[in-house]
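Worksheet: the structure to be examined is printed underneath.
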Amino acid sequence: MNQPAMTTPARSVPGYDLPKSSAAFARASKVIPGGVNSPARAFGAVGGEPPFMAEAHGAYLFDVDGHRYIDYIGSWGPMIVGHTHPKVTAAVSEALALGSSFGAPTEREAEIAEAVAAAVPSIEMCRFVSSGTEATMSAIRVARGFTGRDKIVKMAGCYHGHADCLLIQAGSAATTLGVPNSPGVTPGAAADTLLCPFNDADAVRKLLEANPGQVAAVLLEPIAGNMGLVPPRPGYLEALRELTTQHGTLLIFDEVMTGFRVAYGGAQERFGVTPDVTALGKIIGGGLPAAAYGASREIMTKVSPTGPIYQAGTLSGNPLAMAAGLATLNLLREPGVYDRLEALSAKLADGLEKAARDAGVPHVVQRVGSMLTLFFHDGPIHDYEDAKRSDTALFARFFWEMLARGVYLPCSQFEAAFVSAAHTEADVDHTIAAAREALAAARA
Ligand code: HOZ
């Protein structure tokens with residue numbers, strides 16, 4: 001892969017300076033590994049140091065150096081209604097005044113669980129946890145406990161958080177930073193994870209046939225978002241549904257990014273394929289730490305305390321996170337939200353495509369709903385191997401030129417950009433104009 005090293009100096013864009021951020025980064029780097037609390041924020045693939053953020057409102061981020069950015073990461077997915085939405089802020093403030101954590105059940109947990117069950121086709125019951133990692137990790141434990149089998153099938157380039165058995169050919173920052181297989185994962189944990197290319201149902205079939213009665217679950221992002229945005233080929237999800245059913249294997253959709261994003265009911269609603277177990281995160285917490293996993297009543301009643309499969313969490317179902325999540329879901333049920341997201345995202349994808357075409361750079365823009373990636377590679381991109389052929393050096397230059405023009409894209413070729421309901425036509429027009437200039441500068 002053509003990756004700049006972690007130590008690549010910041011690309012200098014005249015007039016775009018980050019002195020306060022740089023000081024904050026130096027301070028943080030002394031006490032926090034890499035100065036960040038999640039590697040995806042470290043600018044490892046684009047070089048240099050990240051701007052430090054001071055606040056965010058609507059579709060905009062504001063850094064400590066006084067720059068405003070049109071935000072296309074939305075905290076890596078959760079902020080679908082925009083930052084500091086008044087209804088979300090009010091809900092959290094009201095909840096906070098009543099107590100921030102009880103370690104005891106609250107009525108709102110059932111209210112949001114009912115909303116999730118009504119929205120997501122595969123879910124009759126769900127359990128709230130605090131992060132997407134916990135959701136996928138717990139979904140796998142449930143699949144193993146339910147089936148009595150050990151192995152799982154994972155797709156190369158899909159990222160499901162940092163549980164041991166999933167840090168194998170993992171996308172997102174694990175790929176960005178060149179560590180798709182992490183040290184610290186024991187051979188035992190890795191041995192039960194079988195790998196397939198994304199979008200290759202035949203490879204899954206062969207693995208299931210070669211491991212009869214041993215595979216608990218086939219796990220994937222139904223729309224891959226952690227190797228850049230890679231949609232499923234027509235028929236792929238349907239084929240996985242059929243194969244897993246034939247083999248008594250559970251199908252798990254990691255909808256941490258796609259849930260409530262590509263449709264209110266997630267990718268499973270959009271594509272009409274219902275998995276056995278679903279992991280949710282990001283939007284469900286409305287910008288606070290909440291995630292969930294869910295399935296049929298038959299499966300979920302095997303979870304402790306009704307069943308023997310153990311999973312727990314002190315801050316699970318936290319009242320502030322539940323308030324933010326519920327307020328966000330309520331906003332997403334207002335008429336026209338997804339139509340508007342679709343139209344705005346299509347306009348953005350179209351504008352980026354034309355800008356890249358006019359600049360004469362290899363490219364393809366891939367989009368599903370309000371998630372998209374401009375790959376610097378003549379597409380289509382169907383899997384991890386395709387994605388890794390992208391020109392990441394060009395991406396890095398483009399990224400910095402966009403940042404200097406007030407557009408904050410994900411800081412890696414191997415991530416998806418997110419459009420929010422707070423973005424306007426004017427924001428998208430500005431972004432496309434910036435992309436034209438940035439591509440010209442990045443090529444120079
Ligand atoms: N799962 C996020 C999108 N790839 C990355 C967030 C993070 O690792 O900080």
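Read the numbers this way: they start at 1 and go in the same order the structure lists the ligands and their atoms. Because the structure is a prediction, the values reported are computed rather than measured. Just so you know, residue 1 is the first one in the sequence shown, and it goes up from there.
Within the listing of ligand 1, atoms 3 (C), 4 (N) sit less than 4.0 angstrom from a heavy atom of E415. Heavy-atom proximity to S38, at under 4.0 Å, picks out these atoms of ligand 1: 7 (C), 8 (O), 9 (O). Of all atoms in ligand 1, listed by their number and element, those nearer than 4.0 Å to a heavy atom of A40 are 7 (C), 8 (O), 9 (O).
I73 places none of its side-chain heavy atoms less than 4.5 Å from the side chain of M79. Between S130 and N318 there is no side-chain heavy-atom pair separated by less than 4.5 Å.
Close N/O approach between N226 and ligand 1 is found [any backbone or side-chain N/O within under 3.5 Å]. No N or O atom of W76 sits closer than 3.5 Å to an N or O atom of ligand 1.
The residue M227 has no part lying near ligand 1, judged by heavy-atom distances below 4.0 Å.
The aromatic rings of Y236 and F198 sit perpendicular, their planes meeting at an angle over 60°, well past the 30° parallel limit.
A cation-pi contact links R68 to Y60, judged by a cut-off of 6.0 Å to the six-membered ring centre and 45° from its axis.
In this structure, K347 places its NZ atom where more than 12 heavy-atom neighbours from other residues, nucleotides or ligands lie under 6.0 Å away.
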